[in-house]
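Data block below; observations after.
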Amino acid sequence: MPHNTSSDFFLRVYEVVRQIPEGRVSTYGAIAEYLGARRSARMVGWAMNAAHTRPDVPAHRVVNRTGMLTGKHHFGGPRVMQQLLEQEGHQIVDDQIVDFETVFWKPTDAV
DNA sequence: TCAGTGACTGACC
DNA sequence: GGGTCAGCCACTG
């Protein structure tokens, strides 16, 4: 558990991820860019890793820029992330979200 | 202190 | 159109 200012960044990431509507997904890069750290997409991924303990953070709605479920192994099982997305109406083929571009959500779309 | 690693991405070849 | 590299930065051994 980080105890420095980086936890601030984590909290910001959590807030953004919480705003992702059901049935939509976002990317690490989009979130990082929105937080003013465009080049720190890996930190968003790391934040997701830490967000695992937060039930109110839908980490399964965050994928990489191609719509691939690169983080599925961190959900307690390799199929959990896919199942969660399918429950929200997504179609997953070969670990990739079908029509990813149409369900893609940017933090700037938030009301 | 240093080197390796990673739920990423964009640029280059 | 795919493979590779370099930035990115927190964490770990």
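All values reported here derive from a predicted model rather than from experimental measurement. Every chain is numbered from 1, with letters handed out A, B, ... down the list of sequences.
Shown here is A/Arg24, whose CZ atom has more than 12 heavy atoms of other residues, nucleotides or ligands within 6.0 Å.
OP1 or OP2 of B/dC8 lies within a sub-4.0 Å distance of a side-chain N or O belonging to A/Thr70.
Going from atom CD of A/Gln87 over to atom NE2 of A/His60 covers 8.0 Å, rounded to the nearest 0.5 Å.
Note: CH2 (A/Trp46) to P (C/dC8) measures 19 Å, nearest angstrom. Put simply, NZ on A/Lys72 is 16 Å from P on B/dG6, counting in whole angstrom units. Residue A/Phe10 contributes atom CZ, which lies 12 Å from atom C1' of B/dA7 at whole-angstrom precision. The distance from atom CD of A/Gln96 to atom P of B/dA7 is 17 Å, rounded to the nearest whole Å. Atom pair A/Asn49:CG and C/dT12:C1' shows a separation of 13 Å (rounding to whole Å applied). Atom NE2 in A/His73 sits roughly 18 Å away from atom C1' in B/dC8 (whole-Å rounding).
For the residue pair A/Gln96 and A/Thr66, the shortest heavy atom distance occurs at NE2-O, 3.5 Å. Across all their heavy atoms, A/Pro78 and A/Lys72 have their closest contact at O-CD, 3.3 Å.
Between A/Met81 and A/Val63 there is a side-chain heavy-atom pair separated by less than 4.5 Å. Side-chain atoms of A/Met48 and A/Val13, non-hydrogen and from C-beta on, do get closer than 4.5 Å to each other.
Residues from residues 17-34 of chain A lying near DNA chain B, meaning a heavy-atom separation below 4.0 Å, are A/Thr27, A/Tyr28, A/Gly29 in numerical order. Residues from residues 59-66 of chain A that place a heavy atom under 4.0 Å from any atom of DNA chain B, listed by number: A/Ala59, A/Asn64, A/Arg65.
Annotation: salt bridge (Lys or Arg N to Asp or Glu O under 4.0 Å) contacts of A/Asp56 (sequence neighbours excluded): A/Arg18.
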For nucleotides 1-7 of chain C, give me every protein contact, N/O to N/O, under 3.5 Å, one pair per line with atom names.
residue : atom : partner : partner atom : Å
C/dG7   : O6   : A/Arg42 : NH1          : 2.9

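Aromatic ring orientation, A/Tyr14 versus A/Phe10: perpendicular (interplanar angle above 60°, classes split at 30° and 60°).
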Quick one: side chains of residues 26-36 of chain A, donor-acceptor pairs under 3.5 Å with protein atoms, not counting sequence neighbours, listed by atom name and distance.
residue : atom : partner  : partner atom : Å
A/Ser26 : OG   : A/Trp105 : O            : 2.8
A/Thr27 : OG1  : A/Ala30  : N            : 3.0
A/Tyr28 : OH   : A/Val62  : O            : 3.4

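In DNA chain B, stems built from 3 or more consecutive Watson-Crick or G-U wobble pairs, each with both distances under 3.5 Å, span B:2-6 with C:9-13, B:8-13 with C:2-7.
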